[in-house]
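The structure appears below as structure tokens.
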Amino acid sequence: MDSAELDKRHVWHPFTQMREWNAGEPLVIVEAEGAVLRDAQGFEYLDGNSSIWTNLHGHRRAEIDGAIREQLGRVAHTSFLGLTNDVAPQFAFELLRAITRSDTPEGWRVFFSDDGSTAVEAGLKMIHQARQQRGEKERRVFVSLGAGYHGDTVGAMSVGHSTVFHSAYRGLMFGSREVMSPACYRCPFNRAAPERGMDARLSRKCEWECVGAAAKALDDLGDAASAFVMEPRVQGAAGMTMHAHGYLSRIAALCRERGVWLMLDEVMTGFGRTGAMFACQHEGVMPDVLALGKGITGGYLPLAATVASAEIFAAFDGEHSEWRTFFHGHSYSGNQLGCAAALASLRLLGTVHPMAHVRSRGEFLRVLAQKFWEHPNVGDVRCEGMICAIEIVEDFVTRRRFPAENRTGFRVSEAARKHWLITRCVGDVLVLMPPYCVSEEQLAQAVDGLWRALCGVVPAK
Ligand SMILES: *Cc1c(COP(=O)(O)O)cnc(C)c1O
């Protein structure tokens with residue numbers, strides 16, 4: 001039986017209504033190279049969302065393939081419990097050098113797990129336990145951004161604020177204090193400059209009301225606030241919403257003044273996606289905890305890391321009998337194949353795809369994407385580094401959304417496949433974020449394909 005048939009009979013797909021899936025014909029990817037995916041029938045598609053935001057350098061990149069093969073020639077995986085290996089510590093050091101931009105990243109620690117959710121989960125547990133062991137038992141509340149998404153484990157869901165994803169599991173979640181997302185496009189204070197058409201008098205000067213709201217929440221909580229958790233600069237699953245530059249550094253200052261830790265989720269934004277190695281580096285912010293995943297292996301293997309500050313690590317120091325140990329770990333912690341891929345990927349970020357390259361490709365995409373403004377139902381075109389998001393709306397003046405049941409964004413993404421583009425929308429936000437190896441020609445094809453798909457589903461009149 002072929003894979004498509006077996007899939008329909010036996011497989012359960014993530015975030016998928018399986019009745020609908022089983023009524024369709026699945027696209028079976030059999031190989032890929034660079035930014036191009038090939039299906040079982042030999043058709044080729046541009047990997048327009050970097051295989052759900054994971055791939056950085058393209059598929060079958062010789063350096064990463066080679067590093068994995070070389071590692072496979074020695075050993076694929078051994079336990080990180082009670083043992084170490086000759087790859088994970090090397091990667092930890094190189095990772096910390098990249099994060100701290102210092103050759104002596106003393107004090108920082110890297111805790112390995114398997115995916116973004118577990119990186120976040122470990123971070124939350126570290127913070128919670130550190131607070132107790134420091135005698136700060138009242139500091140129990142996590143503060144996090146509206147529409148934030150940090151993964152699907154119960155802890156990660158608890159600091160997330162996505163109604164659609166989380167409502168069925170509310171009974172399991174511990175809850176967190178939500179503060180407004182600083183996404184400018186739907187600024188409730190209407191402070192963001194109108195992009196087009198709207199009466200300029202309706203939009204007032206931004207006075208960082210969003211920062212004020214966060215300060216108020218932190219002040220209300222007082223000594224109950226443990227940590228502020230957020231995706232810096234770009235909130236992925238919220239709809240690639242983008243923050244005003246300067247929000248992050250202001251939040252970091254608020255946290256520092258109040259003794260609240262800052263945990264940044266750079267699972268999506270890390271490793272150059274926003275045009276800096278880490279999004280927090282755009283604003284000179286060093287978090288207390290940093291969660292990394294997705295692009296960490298260049299999109300090859302499931303590996304994730306939770307990076308902790310010296311202060312947090314110190315809270316676990318003690319004799320065995322004091323039971324201050326971090327009681328958390330995973331079977332594949334420190335996996336050698338993953339770490340070998342991650343080391344190779346990190347090197348490529350210093351050589352083949354340095355930040356200047358990512359920024360210039362991103363700028364090329366940003367300029368091309370201005371075309372979308374010509375469509376009357378495009379409400380916003382926003383870009384950061386190699387992320388471009390096109391938000392489609394029923395009415396661009398009022399920013400009214402299409403009815404959710406129309407699934408307009410979904411239909412556009414599906415239609416894009418006929419134009420040799422694979423991407424996945426977030427609600428009615430269309431996403432273009434290919435691997436960094438994408439050529440200018442491929443970017444032009446992607447924009448053209450998405451434009452045609454959009455006009456096919458929502459005629460431009
Ligand atoms: C994808 C994502 C996660 C979850 O990562 P998984 O690897 O899917 O568990 C967490 N945070 C952010 C910001 C993400 O984009």
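Residue numbers run from 1 in the order of the sequence given. Atoms within a ligand are numbered from 1 in the order they appear, just like the ligands themselves. Since the model is a prediction, treat every value here as computed from it, not as a measurement.
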| task | Have a look at Asp114, Ile52, Asp265, Thr118 and point out the one with the heavy atom closest to atom 13 (C) of ligand 1. | result | Asp265
| In the protein, which heavy atom is nearest to atom 6 (P) of ligand 1, and how far is it? | Gly116 N, 3.4 Å
| said: Between Ser144 and Glu178, is there a side-chain donor-acceptor contact under 3.5 Å, judged purely by atom types and distance? | reply: no
| message | Minimum distance, heavy atoms only, to atom 2 (C) of ligand 1: which one of Arg273, Met268, Lys294 is it? | response | Lys294
| task | Any atoms of ligand 1 less than 4.0 Å from a non-hydrogen atom of Ser117? List them with their elements. | result | 4 (C), 5 (O), 6 (P), 9 (O)
| message | Only heavy atoms of Asp115, strictly under 4.0 Å: list the atoms of ligand 1 that pass. | response | 7 (O), 9 (O)
| message | I'd like to know whether the aromatic ring centres of His57 and His59 sit less than 6.0 Å apart in this structure. | response | no
| query | Just checking, any donor-acceptor pair under 3.5 angstrom between side chains of His245 and Glu384? | reply | yes
| Counting heavy atoms only, which part of Glu231 comes closer than 4.0 Å to ligand 1: side chain, backbone, both or neither? | side chain
| query | What do the steps show when you test Arg61 against Glu33 for salt bridge (Lys or Arg N to Asp or Glu O under 4.0 Å), and what is the final call? | reply | CA-CA 8 Å; Arg61 183 86 214 176; Glu33 188 161 3; over 6 Å; no
| said: Classify the ring geometry of His328 against Phe326: parallel below 30°, tilted from 30° to 60°, perpendicular beyond 60°. | reply: parallel
| field | Ligand-residue contact atoms, ligand 1 with Gly151, heavy atoms, under 4.0 Å | value | 4 (C), 10 (C)
| task | Give the numbers and elements of all ligand 1 atoms closer than 4.0 Å to a heavy atom of Tyr149. | result | 2 (C), 3 (C), 11 (N), 12 (C), 13 (C)
| Ring centroid separation for Tyr332 and His77, is it under 6.0 angstrom? | yes
| remark: Under 4.0 Å from one or more heavy atoms of Trp53, ligand 1 contributes atoms 15 (O)
| Under 6.0 Å between ring centres, would you say that holds for Phe142 and Phe228? | no
